[in-house]
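Below, chains carry the letters A, B, ... as their sequence lines are ordered, and counting in each starts from 1.
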Number of protein chains: 2
Amino acid sequence: MQINSHPGELTMINIISQPRIRNDTMDTLSSRIQNGDVPAVCRSCEARHGGVCSALTPAQLVELSKHSSRRTIDAGTEFIGQGESISSYSNILKGVVKLSKVMADGRQQIVGLQFAPDFMGRPFLGESRMAAEAAIDTEICVFPRRAIERLIAETPGLEHLLHSQALKELDEARDWMLTLGRKTAQEKVASFLALIASHSDPEAEEKSMFELPLSRADIADFLGLTIETVSRQMTKLRKEGIIQIENNRHVTVPDLGRLVAAAGND
Amino acid sequence: MQINSHPGELTMINIISQPRIRNDTMDTLSSRIQNGDVPAVCRSCEARHGGVCSALTPAQLVELSKHSSRRTIDAGTEFIGQGESISSYSNILKGVVKLSKVMADGRQQIVGLQFAPDFMGRPFLGESRMAAEAAIDTEICVFPRRAIERLIAETPGLEHLLHSQALKELDEARDWMLTLGRKTAQEKVASFLALIASHSDPEAEEKSMFELPLSRADIADFLGLTIETVSRQMTKLRKEGIIQIENNRHVTVPDLGRLVAAAGND
DNA sequence: CGGGTGTTTGAAGCCAATCAAGAGTTGTGG
DNA sequence: CCACAACTCTTGATTGGCTTCAAACACCCG
C-alpha cells in the first residue's frame, strides 16, 4: 500500500523551535554503514533491545536511522503540547517523561510516566490528547511519523510490539485508576513510591534506594492531591520508618514489603 | 536545523487498510464466494462489521465459528474473575460490561465499561487483572483463546484492529484518570452521564434520552464516590434543570451542551 | 548576601464520607 | 389484588480527610 500519496506541508515539529533542545543529526554516521549492518548510532542504544527497534531488521534500522535524530531535553521542557498535531514519534533513551492532561481552568493530571526504553507517540491519531514533558533531563530518539507508519505497515512484528506496549500501558492506567479513585492520600503516596522503586530497581526484593524523578508538585498532579498533602504524607511515612528522605529527592526504602502494604496492594 | 525541510502529509492517513472496505453488503460478497461462505450465525451479527470479525475472511469466520458460542449473561453476573486464568475471548453483541478491580479490603473501582461491539479479553496475558461483570443483560460471542491467538498470528489486519481498540481504551482510561483525579463530585457525575449519552446516542447534538446501564452503586464505583454522593449530585443536576430523571434509570438531557459544561469538559 | 524556587508545617474551612433513617420500587406469595 | 419483604435510592445530620490559605524553612545560584 502506498502511504504518502499526497505530499503536502509538513506540520512543524515544535520541539525544534524550543531553544533548550540540542539536536545532532545522524546522517554522517549512518552513511558510512554498509548495507545490512546495524547503524553505529544504534549499536550502543539501550532502546534497541527492549524498544521498538528490536523488531526491525538491520536494513530497516539503517533506513530509519537516516531520518531519525537524538535530542536532549532538559527537565521541565514540554516537547509535545495537548491538542498539538503529531508529526513524530520517539523512543526514550534515558530519563523520564510525564504525560499530562490539563482542564480549561488549569487543573492538571499526570496520566502516565514513561521510562526508557518506552516508545512515545499515539499511532493512528493525528493529534496528541495530552502533553509530554521531560520530568528530568531526558534523551530521546525521534522518528518522523511517516517513516514509522510505513514500517508498521510492512513489519507485523513491529505492530505486535507496539500493541503489546499499548496493552501494558492500558494495564498500568487501569491500576492507577484504582489508586486515584479509591485510595487514601497515604496509600497514594506509598503507591507512587512503590512504582518508582520498581522502575529504578526492578530486581530489588527488600531494600531500595532511588532519586525521585518528580517534584512534589508533579507527584501531586500524578496522585490527584495537593502539594501540601503529598508533603505531609511523605513526612508521615518517614516518621513511621517506612522511608528515609535526604535532600528532598533521594529516598531509601528499607523494607519494600512495608511500603507495598502501606500502598494498599495486597 | 531547518524547520520546514521535509515534505509531509497534511492529513493523517491511517496507513493500514481498514477492513471496512468490505462494506459492500454481505449478500454480494458471500454470493461471490463459493467455498467460504459466511456462517449463518455470523450473518446476523452486528459485531461482525464493527468488531474483530470484520478483519477476518469468510473462510476464517467459518473456522472460528466452529469453535465459538453465544452466551447470554444476566445483569449482575460476573463471568470473569480478577486473577482468573483466561481461556477465552469474546465479542459483546448486546449489553454493557463493567470491568472492575477490587482491593483486599473490598474497595472497588470500575476501570472500564465495554459496549457492543467491543472485543473483550487481554491478549498475550494468561490471567485477568480485573473482573468482568454484565451491568445489564448482555450477549457475548465466546472464542477459545487458542483460536484467536492463532488468527492474530496469521492475520495482520486483526492485530491492527485489536491494537487500535487497545489504543482507544487507553485514551479513554486516561481521560477517566483526569476525571477521577481532578474533578469535583458534580463534574464526575456529569461526566458519567455525558459518557453514557455519547454511547447511546452518538449522533445527538442537543437532546438525548437513555436508560442508565449502571445502578447508583456501580456509578459510585466508576467515579470513586459513594452512593449517597452520586444520588445527591444527580438530584442537584436535576434541580438545576440539566437532566430529568424518571424511574431512577431513565434520563433525559435537554441540552447536551450544558451537561458537557457541567462535566468540566471545555 | 538576597532573590527565587521548592518544600515543610500550621490553622482554618469545605467537600465528600459516614452514619442514620425514610421513601420509593420490585418481586413474591397468599 | 394486596401485603410484605428485600432492595435501591434519597435525604438529613455529623464527621473527617483533604484542601486552602498562610507563613516559615531550606536550598541553589547569581
Margin query: Rounding to 10°, can you tell me the angle the first-five-pair axis of the helix from dC1(C)-dG30(D) to dG30(C)-dC1(D) makes with its last-five-pair axis?
Written below: 30°
Notebook entry, point to check: Going by heavy atoms in the side chains, are S90(A) and R71(A) under 4.5 Å from each other?
Noted result: no
Note to self: For E127(B), is there an ion pair with R122(B) - N to carboxylate O distance below 4.0 angstrom?
What the structure shows: no
Check: Would you say the side chain of Q233(B) lies within less than 4.5 Å of the side chain of T229(B), judging by non-hydrogen atoms?
Finding: yes
Item checked: Donor-acceptor contact below 3.5 Å, side chain R249(B) vs main chain E211(B) -> no
Notebook entry, point to check: Start at the 5' end of DNA chain D and walk down; is the nucleotide closest to N247(A) or to R249(B) reached first?
Noted result: R249(B)
Note to self: Give the residues of residues 180-193 of chain A touching DNA chain D, defined as any heavy atom closer than 4.0 Å, sorted by residue number.
What the structure shows: T184(A), A185(A)
Checklist line | Salt bridge present between D175(A) and K101(B) (N-O < 4.0 angstrom) | finding: yes
Next item on the list: Can you tell me the distance, in whole Å, between the CD atom of E211(B) and the P atom of dT25(C)?
Entry: 14 Å
Notebook entry, point to check: Is there a side-chain contact between Q109(A) and L180(A), using heavy atoms and a 4.5 Å cut-off?
Noted result: yes
Next item on the list: Rounded to the nearest angstrom, tell me the gap between atom NE2 in H250(B) and atom P in dT25(C).
Entry: 15 Å
Notebook entry, point to check: Hey, can you pull the residues of residues 221-241 of chain B with a non-hydrogen atom under 4.0 angstrom from DNA chain C?
Noted result: G224(B), L225(B), T226(B), E228(B), T229(B), R232(B)
Note to self: If the threshold is 4.0 Å, N to carboxylate O, is there a salt bridge linking R107(B) and E187(A)?
What the structure shows: yes
Notebook entry, point to check: Between the main-chain N or O of S231(B) and the side-chain N or O of T235(B), is there a donor-acceptor pair closer than 3.5 Å?
Noted result: yes
Notebook entry, point to check: Atom CZ of R216(B) and atom P of dA23(C): how far apart are they, to the nearest Å?
Noted result: 19 Å
Note to self: Whole angstroms only, please: what is the CG-P distance between N248(A) and dC27(D)?
What the structure shows: 8 Å
Notebook entry, point to check: After noting the C-alpha distance and the side-chain angles of D105(B) and R182(A), does the key distance pass the salt bridge (Lys or Arg N to Asp or Glu O under 4.0 Å) rule?
Noted result: CA-CA 11 Å; D105(B) 60 6; R182(A) 288 304 186 197; over 6 Å; no
Next item on the list: Check whether any side-chain N or O of D137(A) sits under 3.5 Å from a backbone N or O of A75(A) as a donor-acceptor pair, and report yes or no.
Entry: yes
Notebook entry, point to check: Are any non-hydrogen side-chain atoms of Q165(A) and Q114(A) less than 4.5 angstrom apart?
Noted result: yes
Notebook entry, point to check: Expressed in angstrom and rounded to an integer, what is the separation of E246(B) atom CD from dT10(D) atom P?
Noted result: 14 Å
Check: Atom CD1 of I245(B) to atom P of dG24(C): distance rounded to whole Å?
Finding: 15 Å
